[in-house]
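To keep things clear, I will list the structure first and then write my remarks on it.
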Amino acid sequence: MRHLLSISDLSKVEALQILNTAEELARVSDGPMKKLPTLRGRTIVNLFAEDSTRTRISFEAAAKRLSADVINFSAKGSSVSKGESLKDTAQTLQAMGADAVIIRHSASGAAQRLADSQWMTGSVVNAGDGTHEHPSQALLDAFTIRRHLAHGGDDLTGLHVAIVGDVLHSRVARSNVLLLTKLGAQVTLVAPPTLLPVGVESWPVKVSYDFDSIIESVDAVMMLRIQMERMTELFFPNAREYSRYFGLNKDRLKKMKPTAIVMHPGPMNRGLEITADSADSARSVILEQVTNGVSVRMAILYLLLAGSQEIGASE
Ligand code: CP
C-alpha cells in the first residue's frame, strides 16, 4: 500500500489487515510503552485546507505515538490564503522532506491529484476530500462496530447498519458504504429523497425513507451531520420536521435492539440529527469512535511507512 485515497482501492484482505494491525497497536498503546520507535526520523505533514478537529488531532496523535515528526499545516494562516496552488504547496512540502502527507481538502479528488502528480514522492492519505471519501473514518467506524458486535469474528457478516441523514453531502457515508459492504454487513441508507445522491440505486445498499420501519432491525445506527455549509438550496422544509422524521431521539432509541449501538462521525448538530440524550446514552459509542481513530490511523501510517516491520521493533 503506497497511498490511502479511497476504500475502493483496498481489498477485503487489506482492509482487515488495517483493522487487525489497529487492534495490535491499541493493545500496545494500552500497555506501559505508549510510544513506539517505528517511524523515528520520518516526517508526516498534516495538510488541512478544510476545518477539522478529530481527524487532524487523531492523525497527529497517531504519528507522534509512532515517534514521527509532525508538521501541522492549515490553509488558514498559510500562503494558501494568499492564493498559493496545491502544486506549489506540495512541492514546498517535498522540499522539506515529507515522507507522508495527510490531506483534507474541499475539492473532491484533491488527494488523488496529489498522489498522481510528480510534485512529491511520499505517501498520500485522504483525510476527507469534498463530498467524495473519508477512508480513515470508515476504517475506524468498522473497527468500532467489529469490537462491539462481531463477537470475535473477523468481518461484519450478518450485521445490519443504518446510515441516516445527509448522505448527499457525506464523504463518510460513501466510504462506509464501500467498506461495510466489503466486510459483509448489510447497509440501509435512510434519508429524505432530496438528501440522497443521484445514482444511489446502483449502490450495494437498501434505501428507506422511513426511519421507524427499520429501527428495530439494526445493529448499529450511524447518524450523519446535516452539512449546512455545503447546502446552497433548501433540502428539507425546516429543522423541526427533519428531526421528527430523520432524527435519533429517545423514542427511537427505545425501539432499538438491546445490543444495538449509536454512532456519529462528529461534529454533531445536537438537537437536529441527534438529540443530546441519544448522543450521551449508554448505547452511544461516539467517543469510542474518536479513541479508536488514533489506533486505526496508527495502523494506516504504520502499514504505509513501515511496511512489514514488526510492531515494536526499532529501526
Ligand atoms: N469525523 C470528522 O472528520 O471530524 P472532523 O471534521 O472534526 O475531523
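Whatever order the structure lists ligands and atoms in, that order sets their numbers, starting from 1.
Interface of T55 with ligand 1, defined as ligand atoms under 4.0 Å from a residue heavy atom, comprises 2 (C), 3 (O), 4 (O), 5 (P), 8 (O). Here is the list of ligand 1 atoms found below 4.0 Å of a heavy atom in Q137: 1 (N), 2 (C). With ligand atoms numbered from 1 in the order given, ligand 1 contributes 1 (N), 2 (C), 4 (O) to contacts under 4.0 Å with heavy atoms of G266. Taking every non-hydrogen atom of T53 and a distance limit under 4.0 Å, the qualifying atoms of ligand 1 come out as 5 (P), 7 (O), 8 (O).
Not a single donor-acceptor pair under 3.5 Å links the side chain of E23 to the backbone N or O of L19.
Counted by atom type alone, E60 and N46 present zero donor-acceptor pairs between their side chains at under 3.5 Å.
For atom 6 (O) of ligand 1, the closest non-hydrogen atom on the protein side is R104 NH1, 2.9 Å. Of the protein's non-hydrogen atoms, R54 NE, 3.2 Å is the one closest to atom 4 (O) of ligand 1.
To the nearest 0.5 Å, atoms CH2 (W203) and CG (L178) are separated by 8.0 Å.
For the pair D155 and R146, the salt-bridge criterion is not met [side-chain N within less than 4.0 Å of a carboxylate O].
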Side-chain polar contacts of residues 26-33 - donor-acceptor pairs under 3.5 angstrom, sequence neighbours left out - could you list them?
{"from": "S29", "atom 1": "OG", "to": "L25", "atom 2": "O", "distance (Å)": "3.1"}

